[in-house]
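The block underneath contains the structure these notes are about, expressed in structure tokens.
Values in this document were obtained by computation on a predicted structure and should not be read as measured data.
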Amino acid sequence: MEHWGNAVEQAAHAARNMLAGPGEQRPYGHLPAFWSSQFGINIKLVGLPDGADSVAVVQGSRASRRFLAVYGRAGRSIAAVSFDQARWLPAYAEAITAGDPFPPITDATDRPRVEMAAPGFPTPRRAAPAPPSTEAVHV
């Protein structure tokens, strides 16, 4: 993932392995992550949503434009994205690393109903036809 945070983690891991003794080197296993600020909205993602077969809004709501959604594949949590709602993102990052089930917590008191959907963009809505013009044209 092309983000400076991942480059920093990879460099630190490489340095640890270069200084490690025989048999102490470890494979790189960092959970990919990035963040960006677009049009005043703070967007953060952990994991890789590629291949997800479902997504659940687990905090906030899409209507408020402040939410946290978790992606799942084959019954496991694989990624989470937040839009101005990153407070619980570290907890979901731990759940993703642990391979916790999907959907994640469904009975939280602050989120009684988890909104589930297929991943991807919704079908675009058709614009309403323009009302007929009442303007008279004189030739």
Side-chain angles (χ1 to χ4, degrees):
M1 180 168 284
E2 296 180 23
H3 189 268
W4 65 267
N6 292 310
V8 170
E9 287 293 324
Q10 290 173 5
H13 183 80
R16 282 191 298 273
N17 272 347
M18 286 190 303
L19 299 172
E24 294 178 8
Q25 294 178 341
R26 301 287 176 251
Y28 185 67
H30 174 70
L31 182 66
F34 85 91
W35 66 267
S36 182
S37 184
Q38 300 292 321
F39 305 103
I41 298 172
N42 190 349
I43 304 166
K44 295 183 178 183
L45 178 114
V46 294
L48 296 172
D50 294 350
D53 55 29
S54 52
V55 63
V57 175
V58 296
Q59 299 286 329
S61 70
R62 291 183 310 143
S64 71
R65 296 185 176 170
R66 292 190 67 209
F67 64 92
L68 189 143
V70 178
Y71 290 86
R73 179 177 55 229
R76 296 283 172 215
S77 297
I78 61 167
V81 64
S82 69
F83 286 75
D84 280 341
Q85 188 81 11
R87 178 178 182 184
W88 294 105
L89 197 59
Y92 286 102
E94 288 179 20
I96 292 161
T97 300
D100 283 358
F102 180 88
I105 304 164
T106 57
D107 58 353
T109 57
D110 64 339
R111 184 68 187 174
R113 187 181 73 77
V114 172
E115 181 184 339
M116 302 279 290
F121 293 102
T123 304
R125 289 184 256 164
R126 289 184 166 263
S133 175
T134 57
E135 182 179 313
V137 177
H138 299 284
V139 182

- [ ] Can you see which heavy atom on Val55 is nearest to which on Ala69, and at what distance?
- [x] CG2-CB, 3.9 Å
Open item on the list: Are the side chains of His13 and Arg26 in contact, using a 4.5 Å heavy-atom criterion?
Closed with: yes
Open item on the list: With a 3.5 Å distance limit and no angle check, can you tell me whether Ser77 reaches the backbone of Gly72 through a side-chain donor-acceptor pair?
Closed with: no
- [ ] Please tell me if the side chains of Arg62 and Phe83 come closer than 4.5 Å, counting only heavy atoms from C-beta onward.
- [x] no
Open item on the list: Please find the pair of heavy atoms, one from Val81 and one from Tyr71, that lie closest to each other, and give the distance.
Closed with: CG1-CE1, 3.8 Å
Open item on the list: I need the minimum non-hydrogen distance between Ala79 and Pro49, along with the two atoms involved.
Closed with: CB-N, 3.6 Å
Task: Side chain proximity check, Val58 to Tyr92, heavy atoms < 4.5 angstrom - done: yes
Task: Heavy-atom donor-acceptor pair, Arg73 side chain to Asp50 backbone, under 3.5 Å - done: yes
- [ ] Quick one: closest heavy-atom pair of Ile96 and Ala80, and the distance?
- [x] CD1-N, 3.6 Å
Open item on the list: Quick one: does any side-chain atom of Asn42 pair with a main-chain N or O of Asp84 as donor and acceptor, under 3.5 Å?
Closed with: no
Task: Nearest heavy-atom neighbours spanning Phe102 and Ser54 - done: CE2-OG, 2.9 Å
Task: Closest heavy-atom pair and its distance - Gln85, Leu68 - done: O-CD1, 3.5 Å
